[in-house]
Amino acid sequence: MKDYRHRDVALAAGLSALAGYVDAIGFLTLGGFFVSFMSGNSTRFGVAVAMGHWDLAARALGLIGLFVVGVVLGSTVARRAGEGRRSVVLGLEAMLLALGAGLLSAGRPLAGMVPVVLAMGVENTVFQKGGDVRVGLTYMTGTLVRVGQRIATALHGGARWDWVPFLLLWIGLAAGGALGALMFLRLGVTALWAAAAVVAGLALLSLLDERRLPRAGS
């Protein structure tokens with residue numbers, strides 16, 4: 001992550017916060033299932049299978065499948081638009097979140113969560129390069145491993161602050177989760193509209209940035 005501009009680090013941290021915000025809303029809406037944290041859903045799937053709770057296992061597996069479809073969709077859009085054009089991927093994410101918010105506001109929670117999970121899969125392709133995700137935005141285990149590795153490197157004479165951008169991703173996700181839960185308790189599922197608006201704003205800012213500074217591969 002050290003080759004990223006400061007603006008890219010800020011965007012990544014902001015999107016991690018957004019993922020935490022949306023995941024908290026999804027978690028509370030779905031009664032303990034996640035819309036961006038698929039490790040948690042995988043554990044829930046395994047436990048449900050072991051206990052013979054097939055309805056819960058099916059829900060967990062469905063969410064995992066939707067997330068993967070979202071990644072495929074975002075990756076395909078990124079490839080076709082040019083992987084440097086993050087605004088296109090962010091625009092797609094914003095539209096999916098707005099669709100989900102609309103369905104949730106109309107009293108259709110399960111249907112509304114379909115585009116929301118797709119949006120979280122799409123988000124993970126914002127920093128795609130060469131067909132691979134360079135920065136994971138909705139899952140933190142690997143990020144925390146990198147924090148530890150970079151701290152160890154610093155303690156052994158390496159770069160002193162390379163661990164900070166990864167820590168910011170975790171802080172963003174945790175803070176976003178707290179904010180999402182608070183907003184859900186105050187506004188219910190309509191809190192998701194704020195997430196859609198934020199991503200739409202990030203898409204616009206990214207578009208302006210791309211027009212000023214064309215990226216390689218765009």
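This structure is a prediction, so every number in the text was calculated from the model and none was measured.
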For this session: Determine, step by step, whether L15 and L90 satisfy the side chain to side chain contact (heavy atoms under 4.5 Å, CB included) criterion, reporting the C-alpha distance in whole Å, the side-chain angles of both residues, the deciding distance to 0.1 Å, and the verdict.
Result: CA-CA 10 Å; L15 288 173; L90 289 168; 3.8 Å; yes
Exercise. Mind checking whether V126 and V9 sit in one hydrophobic cluster, side chains of I, L, V, M, F, W, Y counted as touching below 4.5 Å?
Worked result: yes
Problem set entry | Selection residues 17-41 - residue pairs positive for side-chain hydrogen bond (donor to acceptor under 3.5 Å, both in side chains), sequence neighbours left out | D23-S36
For this session: First locate atom OG of S75, then atom CG of N124, and finally report the distance between them rounded to the nearest 0.5 Å.
Result: 11.0 Å
For this session: Using the rule that two of Ile, Leu, Val, Met, Phe, Trp, Tyr join whenever any of their side-chain heavy atoms come within less than 4.5 Å, decide whether L61 and F27 are in one cluster.
Result: no
For this session: Look up atom CZ in F67 and atom CG in L118, then write down how far apart they are to the nearest 0.5 Å.
Result: 10.5 Å
Exercise. Heavy-atom distance under 4.5 Å between the side chains of E210 and L207, does that happen here?
Worked result: yes
Exercise. If you take all heavy atoms of A98 and A196, which pair is closest and at what distance?
Worked result: N-CB, 3.7 Å
Exercise. Honestly curious: do W193 and M183 fall in one hydrophobic cluster under the side-chain, below-4.5 Å linking rule?
Worked result: no
For this session: Report the distance from atom CZ of R59 to atom NE2 of H53, rounding to the nearest 0.5 Å.
Result: 13.5 Å
Exercise. Could you state the interatomic distance from CG (L187) to CG (L192), rounded to the nearest 0.5 Å?
Worked result: 11.5 Å
Seminar exercise, completed: What one should report as the nearest heavy-atom pair of L11 and S206 is CD2-OG, 4.3 Å
Problem set entry | Backbone of G102 reached by a side-chain donor or acceptor of S105 within 3.5 Å | no
Exercise. If you round to the nearest 0.5 Å, how far is CZ of F33 from CE of M38?
Worked result: 11.0 Å
For this session: Check M113 against L30 and note the closest heavy-atom contact, atom names and distance.
Result: CG-CD2, 3.8 Å
For this session: Drop me the distance from D8's CG to R86's CZ, to the nearest 0.5 angstrom.
Result: 4.0 Å
Between side-chain atoms of residues 166-182 and protein atoms elsewhere (two or more places apart, or another chain), which donor-acceptor pairs fall under 3.5 Å?
none

For this session: With the side chain counted from C-beta on, respond yes when T153 and D162 share a heavy-atom pair under 4.5 Å apart, and no when they do not.
Result: no
Problem set entry | Contact summary for L104 and V189, nearest pair of heavy atoms | O-CG2, 3.6 Å
Problem set entry | Evaluation steps, side chain to side chain contact (heavy atoms under 4.5 Å, CB included), between L56 and F45 | CA-CA 7 Å; L56 299 180; F45 170 74; over 6 Å; no
For this session: Identify the two heavy atoms, one from V89 and one from A78, that lie closest to each other, and give their separation to 0.1 Å.
Result: CG2-CB, 3.9 Å
Problem set entry | Backbone N/O of V199 and side chain of E93: donor-acceptor pair under 3.5 Å | no
Seminar exercise, completed: Heavy atoms of S42 and I64 approach each other most closely as OG-CD1, 3.7 Å
Exercise. If two hydrophobic side chains count as joined below 4.5 Å and joins carry through other members, does L110 share a cluster with L28?
Worked result: yes
Problem set entry | With sequence neighbours excluded, residues passing ring-ring contact (aromatic ring centres under 6.0 Å, His included) with F37 | F34
Exercise. Any chain of hydrophobic side-chain contacts (each under 4.5 Å) joining V77 to M95?
Worked result: yes
For this session: Determine, step by step, whether L18 and L97 satisfy the side chain to side chain contact (heavy atoms under 4.5 Å, CB included) criterion, reporting the C-alpha distance in whole Å, the side-chain angles of both residues, the deciding distance to 0.1 Å, and the verdict.
Result: CA-CA 11 Å; L18 187 283; L97 287 173; 4.3 Å; yes
